[in-house]
Each structure stands twice: as C-alpha cells, then as structure tokens.
Amino acid sequence: MSNLLERGRSHTCNDLTGADEGKKVVLFGWVDSRRDHGGCVFVDLRDRFGKTQVVFDPQVEQKAHGLAGDLRNEYCIGIEGVVKSRGGNKNPKLHTGEIEVHATALDIFNKSEPPPFLIQDDIDTNEEKRLEFRYLDLRRPQLQKNFIMRHKAAQIVRRHLDSHGFLEIETPFLVKYTPGGARNFLVPHRVYPGKFYALAESPQLFKQLFMVAGFDRYFQIVRCFRDEDGRLDRQPEFTQIDIEMSFPTQDRIFEIVEGLVTTVWKECLGVEIKKPFARMEFDESMRRFGNDKPDVRFGMEHTDLTELVKQHDGGGVPLFADTVKNPANLIKALVVPASANLSRTEADKLEELCKGMGSKGLARAKLDEAGNWTQSPLAKTISEGMRSAINQATGAKPGDLLLFQFGRASLVHTVMANLRLHLGKKLGLIRDKEWAFLWVVNPPLFEYDEDTKTWAAAHHAFTKPVDADLQHIETDPGKVKCFRYDLVLNGFEIAGGSVRLHDPIVQGKVFKALGISAEEAQQKFGFLLQALKYGAPPHGGIALGFDRLNMLLTGTDSLRDVVAYPKTQKGVDLMTDAPNEVSAKQLEELHVRAIIPAKA
RNA sequence: GGGGUGGUAGUUAAGUUGGUUAUAACGCCGGCCUGUCACGCCGGAGGCCGCGGGUUCAAGUCCCGUCCACCCCGCCA
C-alpha cells in the first residue's frame with residue numbers, strides 16, 4: 001500500500017480535462033470495467049461524479065501494473081498517476097474523455113465479490129434482487145442522479161420557503177391516535193400497559209397549533225407514516241413538504257405553492273412552467289375523467305349519459321332503465337377512436353380489466369357507416385332516438401367503439417377512470433413531454449358512506465365550508481362544498497390541503513352533521529378545539545408529496561426509484577428483513593401479546 | 001381481502017402439441033493479447049426450472065395448492 005488514503009484524493013472522477021495535463025493526481029473510486037491487454041490494463045474508475053480512464057502501463061510503473069491484473073469489477077481502489085492527453089483517441093462518452101491517468105501507484109482498499117447484477121443503467125433486474133442488494137442498486141448512476149436531484153430539490157424548497165418567511169419547525173412522530181383517515185402504526189408504551197402512541201400520519205393538527213401559537217408561516221420536510229397497502233406512488237413511510245400559513249386565502253396559498261414548484265422545475269430541469277396553474281372544479285373532474293387527479297395530457301373524456309337515458313325513459317335498454325331508477329347510479333361512456341383498431345380479443349381483455357376492478361362487465365357498441373350500433377347486445381333493443389342521442393353526446397363517429405359502464409357511481413367512476421388511463425397509455429395518446437399542472441378545487445365537505453348510511457368528512461373535519469353552502473349543512477350536507485384543493489401533475493396527486501375551520505360555531509355544525517357529539521369531539525380533538533378558543537387566526541395550508549414530486553421530476557416510473565430504502569407493496573424491507581419477530585421478553589416488557597392467526 | 005402478470009444458471013431471457021443430455025447472452029474461472037473504452041480471441045465451470053402435492057410410461061411444460069415480487073381494486077380523512 002502506498003498510503004493514498006492518507007494523502008486524500010486530489011480530484012473526483014469527473015473533474016479532469018485537457019487543462020489538467022501533466023498533473024500528478026490521486027483518484028478514489030470503484031472499478032467500473034477492466035480491459036486487460038496483457039500489456040496495458042485499462043480501468044474505468046467510477047465515483048458518484050463520473051468516470052475516468054486509468055491506464056496501467058508496465059513501462060510507467062511495473063508494480064502498479066502487476067497489481068492491476070488482479071482487479072475485478074467493483075473493487076474499491078485508489079490510484080496515483082499522471083494526467084495525459086488522449087490526443088486523437090478521445091472518448092466522447094465520458095466527460096473526462098479528453099484525458100487518461102497513467103497510474104504510478106495502486107491501492108486496493110477493498111475487493112468485491114462479483115455483484116449479483118451489473119452496476120449499470122438500463123439493466124433490467126428483478127425488483128426483489130434490487131431491494132435485497134439496495135446498496136448496490138444505489139450505486140448505479142441513474143439512481144445516484146435521482147438522489148442528487150432529490151437533494152437539490154430539498155435545498156431549493158428550504159431556500160424558497162425561507163425567503164418567503166416560512167419557519168422550519170419539527171413536530172413529533174410519536175403522537176396521540178386520532179380516529180379517521182389512514183390506519184396508523186401503533187407503538188406500545190413500556191411504562192403504560194395497554195397504551196399506545198400512533199406514528200404521525202401527518203403533522204396536520206400540530207401545524208394548525210403553530211398558527212394558534214403565532215408562528216404565522218411554517219414548513220417542514222417531514223416523514224409521515226400510514227399503514228396502508230403500497231402502490232406505484234405510495235410507500236408506508238413517505239415524505240411531505242408540509243406547509244401552513246396564517247391569514248390565508250386560497251389564492252394566496254396557491255401563489256406560494258406555484259412559486260415553489262415552478263422554482264424547483266426551473267432550477268432542477270431548466271423548465272419554465274406557466275403560472276397561474278389551471279384550475280378545475282372537483283365535480284367537473286369527476287364528470288369528465290372519473291377521478292380527482294385527472295391526467296389532462298390527453299382526451300378520451302367520459303360522457304355522462306345518466307340524464308340522457310332518463311330523458312329517453314331507458315331507451316329500450318332494460319339494463320340502462322334499471323340503472324337510472326336508483327339516484328346513486330350512473331351511466332358513463334367513452335369513445336375509442338376507429339384509428340385504435342381494437343380487436344375483439346383486445347376488447348375482451350379490457351373487459352377482464354374492468355372485472356378485476358369489481359365491474360360486472362364492459363358493454364360495447366361499434367358504430368357502422370350509418371351510425372348504427374353493431375357487435376353489441378344493446379343494439380337489438382335500443383331506440384333509434386336514444387342511439388343517435390348517445391352518438392351525438394359522445395361525439396362517436398363511424399368506426400368508433402363505444403364503451404359503457406353503469407351502476408353504482410363510485411364504481412363507474414373508478415372503472416372508467418382507469419379504463420381511460422389504460423387506453424391512453426396503450427394507444428399512445430399521452431403527450432409525455434408536457435407538464436400538466438392542475439388545481440382540483442371545491443370538493444364536497446361530506447361524503448355519504450353507503451355502508452354505514454352516515455355522512456363522513458371527505459377530507460378532515462376541520463376544513464372550511466364554502467360560506468354560501470352553509471345553509472344546506474343540516475338539510476342536504478352533500479351540497480356543501482369546501483375550501484379543499486389538490487394539486488395534480490400528469491395524473492398524480494402531488495399536493496393536497498385546505499383552508500381550515502377556525503370558527504368554533506361552524507365547527508360545531510360540522511361535527512353535528514357528522515354525527516359527532518360535543519363529548520365525542522372533546523374526547524377526540526379536545527386539544528385542538530380548546531386551542532381554537534384562544535384567538536386562533538384564520539389559517540390554511542397544504543402538503544406536497546415530496547417523493548412523488550421527485551418521481552415526476554426525475555422522470556422515473558416508480559416511487560421506489562426516488563426513495564433510498566423503499567419497502568415492498570406489502571411493507572417488507574427485503575434488505576433488512578423488517579418487520580421481524582421480537583422476543584417474548586420484549587413483548588412482555590411492552591405488555592403486549594402476539595396473536596398469530598392459525599393457517600388453514 | 002380480491003383481480004392480473006411474473007418466478008428457468010450469479011443476472012437477463014428462450015424453451016414448440018408433455019418426449020433423450022434444459023438453451024443463449026452477459027457475468028464468473030483459466031489461458032492468450034500494448035490502445036481498449038460494454039475490448040477481443042480460445043477453453044471451462046455453473047441448474048431442486050420458486051416451493052408442495054397431483055395427472056402421466058414420461059412434467060420446466062398440464063391440474064390443484066402455496067410463497068414471493070410487481071401492476072390494479074379495496075384501503076389511502
């Protein structure tokens with residue numbers, strides 16, 4: 001060993017250019033590839049900054065060349081050498097391609113077993129292996145780029161919010177369990193038998209109390225915990241940019257967030273996003289797209305046929321006639337253009353997709369040259385009047401295929417929203433270079449729960465209702481809209497928030513509509529209700545999903561590519577094997593007994 | 001909890017209507033090679049075909065169950 005570690009590196013593997021010719025340098029890194037010519041040995045040395053070609057030439061240094069023969073991929077080494085121009089033999093693929101380093105010394109810091117997969121981008125490796133050897137996966141340049149970008153975004157967020165007067169203050173993770181919302185992870189307490197903390201699913205109530213405290217503007221880049229099943233864009237622990245401000249209007253909050261997001265996009269990607277962002281009413285989003293996070297980068301919108309079918313008194317289609325008898329039901333259609341040229345088999349596959357989401361099937365009708373319906377059981381009985389009315393309402397043209405869903409509104413929306421997305425991707429309709437930011441605003445304050453036959457808070461119980469709708473709160477709660485908003489980007493919900501209720505009288509009405517008694521409210525949210533009595537300022541805020549933001553920013557198609565140590569869909573960490581069993585003694589200390597369900 | 005897709009060498013994949021010794025590429029090991037840059041050439045090793053049952057003369061292939069991963073529904077105020 002020539003003690004290179006003590007001397008320290010002089011440059012990173014992305015630094016050296018023709019201007020450095022003749023310099024004696026020390027580089028540290030990993031062997032990215034080795035090309036042994038028996039005489040010269042070439043090594044591409046990699047660190048997180050880039051790569052540099054190192055040449056071991058026996059005529060330059062016999063000893064180093066001898067050692068270099070033992071090098072293998074992913075050995076961690078240090079080299080000392082002299083920078084030489086490559087003259088006409090440059091490597092345009094490398095930033096350091098003008099030069100190479102002729103090694104005069106080599107230290108092997110650590111050997112490496114052959115890695116289970118190649119440390120290269122664009123290598124398709126199975127997800128399980130990647131997660132098991134996460135530290136090797138993270139060594140790949142693309143993932144390193146993602147986390148460098150994530151770091152940069154976090155710094156921009158801090159700087160931007162700081163410059164707008166927001167204070168970064170931390171809130172507890174170990175909190176009181178409050179009902180409603182996501183399932184919580186629970187933490188048993190050693191000192192208090194039978195009592196538990198919950199891991200915070202968000203700092204929601206604490207940030208509101210900051211406003212009562214007079215901090216005026218707060219933010220935090222904060223971890224949140226929710227015990228729910230995973231998705232492409234959902235992890236059990238995830239990071240929010242949490243924001244709350246006093247004396248807001250909805251527009252003021254939007255301005256802050258738009259400023260923040262456009263700054264991030266500009267500084268991270270060099271992309272100029274137009275402000276203000278587009279806005280859409282929640283109801284309109286549901287009607288046109290079937291969900292509250294529409295990807296508006298393509299058309300293929302839904303047509304709601306419920307009223308039309310009612311007007312035609314079922315139009316000779318018994319299934320439709322039955323559907324519209326129930327006011328909670330819906331009939332929707334979308335048009336697959338003739339150009340898609342969907343085969344019978346492909347349409348059958350779509351039907352299977354629908355069934356997988358709980359739908360009974362997928363009614364279809366193809367338009368012939370005259371606009372008549374073919375290849376459809378609906379065609380046999382439908383009245384000519386309703387058929388042409390549907391053709392007109394949907395804009396369907398000869399050769400187009402109509403797809404229908406009918407039944408319970410929530411199911412129809414879900415199925416049709418996913419069907420639209422599926423077709424959009426499959427048919428290549430999505431304009432994938434576009435950044436489609438969209439505010440979805442004014443959803444209903446309450447949602448009717450079909451199972452329990454009660455009204456529930458659609459967001460949380462502390463969202464401010466639209467003043468003009470307050471008159472309906474007792475008679476028709478479903479009509480009451482509220483100051484809640486989601487920011488949607490390319491079909492992903494990247495932020496959600498609301499203007500809060502700070503008026504105890506209106507708060508009482510909301511609780512009443514939710515069927516929550518004063519005692520119950522006191523027991524569950526007492527500390528917040530109490531706080532609101534001490535001159536709580538009008539306040540409101542928002543939380544941005546920092547992981548999702550990064551997923552879109554880096555153009556990756558999974559949250560796992562921007563979370564350093566992600567968990568599987570079922571919440572397992574394949575690298576550490578968490579969660580794991582603990583000893584009987586530990587359980588006893590926590591006053592907890594494990595009940596393992598018997599396997600059939 | 002439900003639907004779908006996948007699981008074959010270290011990795012990525014191929015494997016026909018069930019039929020001899022399960023292929024290939026990369027990686028790995030050995031040898032050769034002084035200008036490669038995903039070096040090249042020659043040779044070699046490497047397999048519980050996820051796991052368990054079943055059908056069959058015969059199963060990677062067919063059937064049933066089960067586990068794991070991914071995508072979706074439910075769930076995510």
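Proteins get letters first, then strands, A, B, ... in listed order; numbering begins at 1 in each.
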For the base of [N], is there a side-chain donor-acceptor partner from [X] under 3.5 Å away?
X: A/E100; N: B/G35; answer: yes
X: A/D229; N: B/G74; answer: yes
X: A/R234; N: B/C76; answer: yes

Indicate yes or no for a side-chain donor-acceptor contact from [X] to the backbone of [Y] under 3.5 Å, with no hydrogens or angles considered.
X: A/E201; Y: A/C224; answer: no
X: A/R226; Y: A/E237; answer: no
X: A/R500; Y: A/G540; answer: no
X: A/R46; Y: A/K51; answer: no

Minimum heavy-atom separation for [X] and [Y], please, with both atom names.
X: A/A495; Y: A/I542; value: CB-CD1, 3.9 Å
X: A/E61; Y: A/A103; value: CB-O, 3.7 Å
X: A/A461; Y: A/V510; value: O-CG1, 3.8 Å
X: A/F446; Y: A/I473; value: CE1-CG1, 4.0 Å
X: A/I77; Y: A/L71; value: CG2-CD2, 3.7 Å

Between [N] and [M], how far is it from one [atom1] atom to the other, in whole Å?
N: B/C64; M: B/G4; atom1: P; result: 12 Å
N: B/C68; M: B/C32; atom1: C1'; result: 45 Å
N: B/U66; M: B/G6; atom1: C1'; result: 16 Å
N: B/A13; M: B/G47; atom1: C1'; result: 15 Å
N: B/G15; M: B/G50; atom1: P; result: 15 Å
N: B/G31; M: B/A69; atom1: P; result: 42 Å
N: B/C62; M: B/G30; atom1: C1'; result: 44 Å
N: B/G18; M: B/U61; atom1: C1'; result: 6 Å

Side chain of [X] - closest among [options]:
X: A/H37; options: B/C37, B/U36, B/U11; value: B/U36
X: A/E228; options: B/U11, B/C75, B/U36; value: B/C75
X: A/D57; options: B/A69, B/U11, B/U34; value: B/U34
X: A/R231; options: B/U34, B/C72, B/C70; value: B/C72
X: A/K570; options: B/U36, B/C33, B/A69; value: B/A69
X: A/R35; options: B/C73, B/U34, B/C37; value: B/C37
X: A/Q569; options: B/U11, B/C39, B/C72; value: B/C72
X: A/N126; options: B/U34, B/U12, B/C73; value: B/U12

Exercise. Does a side chain donor of either A/Y218 or A/D242 reach within less than 3.5 Å of an acceptor in the other side chain?
Worked result: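 Yes, side-chain donor-acceptor contact under 3.5 Å.
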At 4.0 Å (heavy atoms only), tell me whether [X] reaches a base, stays on the sugar-phosphate, or touches nothing.
X: A/Q204; result: base
X: A/H102; result: base
X: A/A458; result: sugar-phosphate
X: A/R560; result: sugar-phosphate
X: A/S359; result: nothing
X: A/E352; result: nothing
X: A/T463; result: nothing

Whole angstroms only, please: what is the [atom1]-[atom2] distance between [X] and [N]?
X: A/E132; N: B/U11; atom1: CD; atom2: P; value: 9 Å
X: A/L411; N: B/G74; atom1: CG; atom2: P; value: 8 Å
X: A/L350; N: B/G3; atom1: CG; atom2: C1'; value: 15 Å
X: A/D557; N: B/C70; atom1: CG; atom2: C1'; value: 12 Å
X: A/E447; N: B/G74; atom1: CD; atom2: C1'; value: 15 Å
X: A/M575; N: B/A69; atom1: CE; atom2: C1'; value: 17 Å
X: A/K425; N: B/C71; atom1: NZ; atom2: P; value: 11 Å
X: A/D137; N: B/G10; atom1: CG; atom2: C1'; value: 16 Å

For this session: May I have the step-by-step check of ring-ring contact (aromatic ring centres under 6.0 Å, His included) for A/F289 and A/H302, ending in yes or no?
Result: CA-CA 6 Å; A/F289 304 100; A/H302 300 170; 7.3 Å; no
For this session: Give, ordered by number, those residues of residues 82-92 of chain A having at least one heavy-atom distance below 4.0 Å to an atom of RNA chain B; if nothing qualifies, reply none.
Result: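 Of all residues in residues 82-92 of chain A, the ones placing a heavy atom under 4.0 Å from RNA chain B are A/R86, A/N89, A/N91.
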For this session: Sort out the partner of B/C49 for me: Watson-Crick or G-U wobble, both distances under 3.5 Å, none otherwise.
Result: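 None - no nucleotide pairs with B/C49, as no candidate has both distances under 3.5 Å.
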Exercise. With both distances under 3.5 Å as the test, what is the Watson-Crick or G-U wobble partner of B/C57?
Worked result: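 In the structure as shown, B/C57 has B/G19 as its Watson-Crick or wobble partner.
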Exercise. What do the steps show when you test A/L549 against A/I241 for side chain to side chain contact (heavy atoms under 4.5 Å, CB included), and what is the final call?
Worked result: CA-CA 10 Å; A/L549 207 68; A/I241 306 167; 4.2 Å; yes
Exercise. If you find the nucleotide of RNA chain B closest to A/V572 and the one closest to A/K355, which residue's nucleotide is nearer the 5' end?
Worked result: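 It is A/K355 whose nearest nucleotide is closer to the 5' end.
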Exercise. On RNA chain B, nearest-nucleotide positions of A/G356 versus A/E128: which is more 5'?
Worked result: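 Comparing both residues, the 5'-ward one is A/G356.
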For this session: Please test A/D283 against A/K481 for salt bridge (charged side-chain N to carboxylate O under 4.0 Å, His left out), starting from the C-alpha separation and ending with a verdict.
Result: CA-CA 10 Å; A/D283 286 349; A/K481 300 286 196 294; 3.2 Å; yes
On the nucleotide [N], are OP1 or OP2 found under 4.0 Å from the side-chain N or O atoms that [X] carries?
X: A/K93; N: B/C37; value: no
X: A/S558; N: B/C70; value: no
X: A/T568; N: B/C68; value: no

For this session: Just do the side chain to side chain contact (heavy atoms under 4.5 Å, CB included) check on A/F546 and A/V222 with the steps written out, would you?
Result: CA-CA 9 Å; A/F546 191 55; A/V222 63; over 6 Å; no
Exercise. For A/F117 and B/U11, do the ring centres fall under 5.5 Å apart while the planes stay under 30° apart?
Worked result: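 Not stacked: fails the 5.5 Å / 30° test.
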For this session: Using a 4.0 Å cut-off on protein heavy atoms (strictly under), produce a 5'-to-3' string for nucleotides 22-28 of chain B with B for base contact, S for backbone-only sugar-phosphate contact, and - for none.
Result: ----SSS
